[in-house]
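The structure under discussion appears below in the form of C-alpha cells.
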Amino acid sequence: MKKLIALLLAVMMVLALAACGQTAKPAATEAPKAEEAAPAEEAASEAKVGKTVLKCAFNQTITNPEAKTLLKISDDLYDATEGRYSIEVYPDASLGDQAQTLENVMIGALDMSLVGNAIIEPYASDFAIIATPYVYDDINHQERVFESGDPALAALYATTEEHGFVVLCTYSLGARNLYTRDGPVTTPDELKGLKIRVIGSDTCINMMNNMGGVGQGMPQGDVYSAIQTKVLDGAENNIITYVDLVQYEVAPYYNYTGHLLLPDELVISKQVLDKMSAEDQAALRKVCEESMPFCYALCDELRADYQAKAEEKGVTFSEADIPAFQALCQDQINEVANRTDVTKGMYDLIVSLRESA
C-alpha cells in the first residue's frame, strides 16, 4: 500500500511539473483566422447533392462572397441537370494552395478550383492582359468585359485547354488598394522604397516596382507576420480580403490607390468536362455565366459593410493620387497589350467597353 501511494504521488508530481512547464503562446506571428468563419459543413448542410458531386477547391472562408457564389452554382447546376451534378466546395485551402489545386485540376486529380489570375499566367501568359494595373476604369467596367461573351474573351480562355483545364467564368472581389503599417501612402513619393507584398507574378511585381514601391512576392499566409515583424511595410488587396484576414491589426492605413482589379477564375479539369454529356456541359457553362452578375452584386453590397467594419477597428482610410500612379504604369499596359494577337484583341475589347468609348 505504501509503495502504491508513493507511486501515485510521484505521478501527480510529474503531471504538476509538466503543467507548470507549459508557457503562454508568443505574440501573434501568424494571421488569426477570420472572426466570422463558418465550417463548410454548416454551409453545405442544406445543399442539393447530385448523383455526381464535383469537388471544388477554394482558398478562403466559406463566408466569402465567391464561396457563396459557388454554392449557388451548385444548386443551379443540380436543377439544370435534373440532379445529375452538384458541386462540393472545400474552403480554407483545405485541398492545398491555389497553385497546388490548379496542378491537380490539370491532371484530373481534382475536378474544379477557383484560382487567382496570377496562378494561371505561368501556363497561359496572355491572361496577364486582364490583370494589368489600371487597365479598367472601375469595377463596373471590368464586369462589362467579363460578361460580354465577346469572341476576344473566348480566344483568351481557349489558351488554357492545352494545359488540361478550362475557364468557366471570372469574378472579382473589387479594387485592390495599398495598406501600410506606419502611415498613409497616397503618392508615388510616399511609396518610394517601401516593401509591399504582392502576388508572386511578374505582372504584379513589375506593377509595384513601377508604382514606386518594392514588390515582394509572398504567400498570403505569411503576410500578417511579415508586416508585424517589419519584414514588409505593407501589402495590397481588396477591402473584403483585408478585413477577412484581419490584416488591419498590423497595417491600419488603407490607401485607395485602386491600382488593380485582379480577376479570379473558376476552372474545371478538361478531363472531367469532356466526360460530361454535351447537354450537361452546356448547363454548367450557362449557370457559371449567370453567376457572374450575382457575385459582382454581392461583392458590391459587401464592400461598404467591410469598410464600416474596418472603420470600427480604427483603420484610417485615405484617397490616393490615382493619376500619378496610373501614369507610371502606362508603359506596362502598352507592353502587355501588344504581346500577342490574343492580348491585342482583349485590350481592344477592354477599351471599347469604357463608358467614354
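Judged as a salt bridge (charged side-chain N to carboxylate O under 4.0 Å, His left out), and not counting sequence neighbours, Glu319 has no contacts. Applying the side-chain hydrogen bond (donor to acceptor under 3.5 Å, both in side chains) criterion to Gln98, with sequence neighbours excluded, gives Asn59.
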Full working for side chain to side chain donor-acceptor pair (under 3.5 Å) between Gln142 and Asp138: CA-CA 7 Å; Gln142 184 193 54; Asp138 52 33; over 6 Å; no
Evaluation steps, side chain to side chain donor-acceptor pair (under 3.5 Å), between Gln330 and Gln326: CA-CA 6 Å; Gln330 190 59 51; Gln326 189 172 20; 5.6 Å; no
side-chain contact (heavy atoms from CB on, under 4.5 Å) between His141 and Ile350, intermediate numbers included: CA-CA 8 Å; His141 178 202; Ile350 291 169; 3.7 Å; yes
Side chain to side chain donor-acceptor pair (under 3.5 Å) between Thr63 and Thr61, worked out: CA-CA 5 Å; Thr63 59; Thr61 70; 2.9 Å; yes
Steps toward side-chain contact (heavy atoms from CB on, under 4.5 Å) verdict (Gln247, Gln220): CA-CA 11 Å; Gln247 291 183 356; Gln220 183 60 263; 2.7 Å; yes
Derivation of the side-chain contact (heavy atoms from CB on, under 4.5 Å) call for Tyr157 and Leu168: CA-CA 8 Å; Tyr157 287 175; Leu168 295 170; over 6 Å; no
Derivation of the side chain to side chain donor-acceptor pair (under 3.5 Å) call for Asn140 and Tyr296: CA-CA 9 Å; Asn140 296 323; Tyr296 271 95; over 6 Å; no
From CA spacing to verdict: side-chain contact (heavy atoms from CB on, under 4.5 Å), Val198, Met218: CA-CA 7 Å; Val198 296; Met218 180 181 294; over 6 Å; no
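Ionic pairing of Arg285 and Glu289 is not present here: no N-O contact between side-chain nitrogen and carboxylate oxygen is shorter than 4.0 angstrom. A salt bridge does not link Lys55 to Asp111: none of the charged nitrogens lies less than 4.0 Å from a carboxylate oxygen. The pair Arg339-Asp126 fails the salt-bridge criterion, with no side-chain N (NZ, NE, NH1 or NH2) lying under 4.0 Å from an Asp/Glu carboxylate O. With respect to the salt-bridge test (charged N to carboxylate O, under 4.0 angstrom), the residues Asp75 and Lys72 do not qualify. Here Arg84 pairs with Glu279 in a salt bridge; the nearest charged N to carboxylate O distance falls below 4.0 Å. Using a 4.0 Å cut-off between a side-chain N of Lys or Arg and a carboxylate O of Asp or Glu, Asp79 and Lys48 qualify as a salt bridge. For Glu249 and Lys313, the salt-bridge test fails: no basic side-chain N is under 4.0 Å from an acidic carboxylate O.
Across all non-hydrogen atoms, the minimal contact from Leu349 to Val145 is CD2-CG1, 4.3 Å. Closest of all the heavy-atom pairs between Ser74 and Ser86 is OG-CB, 3.5 Å. Taking all atoms of both residues into account, the shortest heavy-atom contact from Cys299 to Ser172 is SG-O, 3.9 Å. Smallest separation of non-hydrogen atoms from Pro122 and Ala118: CD-O, 3.1 Å. Across Ile129 and Val135, no two heavy atoms sit closer than the pair O-CG1, 4.1 Å. Among all heavy-atom pairs drawn from Met211 and Leu191, the shortest one is O-CD2, 3.6 Å.
Between the side chain of Arg303 and the backbone N or O of Leu173, at least one donor-acceptor pair lies under 3.5 Å. Side chain of Glu88 to main chain of Leu54: no donor-acceptor pair is present (N/O by atom type, distance under 3.5 Å, no hydrogens or angles). One N or O on the side chain of Asp150 and one on the backbone of Ala152 form a donor-acceptor pair closer than 3.5 Å. Remark: side-chain polar atoms of Thr241 are not paired, donor with acceptor, to backbone N or O of Asn237 under 3.5 angstrom. At distances below 3.5 Å, at least one donor-acceptor pair connects side-chain atoms of Asn210 with backbone N or O atoms of Asn206. In terms of modelled atom types and a separation under 3.5 Å, the side chain of Thr229 and the main chain of Ser225 share a donor-acceptor contact. Using a distance-only test at 3.5 Å, with no hydrogens or angles considered, no donor-acceptor pair links the side chain of Thr180 to the main chain of Pro184. Not one N or O on the side chain of Gln216 forms a donor-acceptor pair closer than 3.5 Å with the backbone of Ile205. A donor-acceptor pair is defined here as one N or O able to donate and one able to accept, closer than 3.5 Å; no such pair exists between the side chain of Thr257 and the backbone of Ala320. Without hydrogens or angle criteria, His163 side chain to Tyr123 main chain gives a donor-acceptor distance under 3.5 Å.
If you chain together hydrophobic residues whose side chains sit under 4.5 Å apart, Val351 and Tyr136 fall into the same group. One hydrophobic cluster holds both Met292 and Leu153 under the rule that ILVMFWY side chains link at heavy-atom gaps under 4.5 Å. In the hydrophobic clustering of ILVMFWY residues, with side-chain heavy atoms under 4.5 Å counting as a link, Ile196 and Ile322 come out together. Linking Ile, Leu, Val, Met, Phe, Trp and Tyr whenever their side-chain heavy atoms come within less than 4.5 Å puts Val243 and Val246 in one cluster. Follow the hydrophobic side-chain contacts under 4.5 Å out from Ile130 and you reach Ile139 in the same cluster.
Note that CG of Asn238 is 10.0 Å distant from CG of Leu260, once rounded to the nearest 0.5 Å. Distance check, rounded to the nearest 0.5 Å: CG of Asn104 to CE of Met112 gives 15.0 Å. Within the model, atoms NZ of Lys309 and CD1 of Ile240 stand 9.5 Å from one another, a figure rounded to the nearest 0.5 Å. With rounding to the nearest 0.5 Å, the separation of SG in Cys329 from NE2 in His259 is 9.0 Å. Considering CG of Leu114 and CG of Asn64, their distance stands at 8.5 Å, rounded to 0.5 Å. Between atom CD of residue Gln100 and atom CG of residue Leu110 there is a gap of 11.0 Å, rounded to the nearest 0.5 Å.
For the residue pair Tyr306 and Asp244, a side-chain donor N or O sits within less than 3.5 Å of a side-chain acceptor on the partner. Counting only N and O atoms by type, the side chains of Gln281 and Ser277 include no donor and acceptor under 3.5 Å apart.
The ring of Tyr248 has its center no closer than 6.0 angstrom to the ring center of Tyr254. Ring to ring, Tyr256 and Phe317 are close: their centroids are under 6.0 angstrom apart. Between Tyr90 and Phe58, the distance from one ring center to the other does not fall under 6.0 angstrom.
Residues Tyr253 and Val185 fail the side-chain proximity criterion, which asks for heavy atoms closer than 4.5 Å.
Counted within 6.0 Å of CG on Asp341, heavy atoms from surrounding residues, nucleotides or ligands total 12 or fewer; the atom is thus considered open.
In this structure, Tyr242 and Tyr179 have tilted ring planes: the angle between them lies in the 30° to 60° band.
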For a quick test of your reading: what N or O donor-acceptor pairs under 3.5 Å do the side chains of residues 262-271 make, sequence neighbours left out?
unit_1 : atom_1 : unit_2 : atom_2 : d
Ser269 : OG     : Val105 : O      : 3.1
Ser269 : OG     : Gln271 : N      : 3.3
Lys270 : NZ     : Asp274 : OD2    : 3.0
Gln271 : NE2    : Ile107 : O      : 3.1

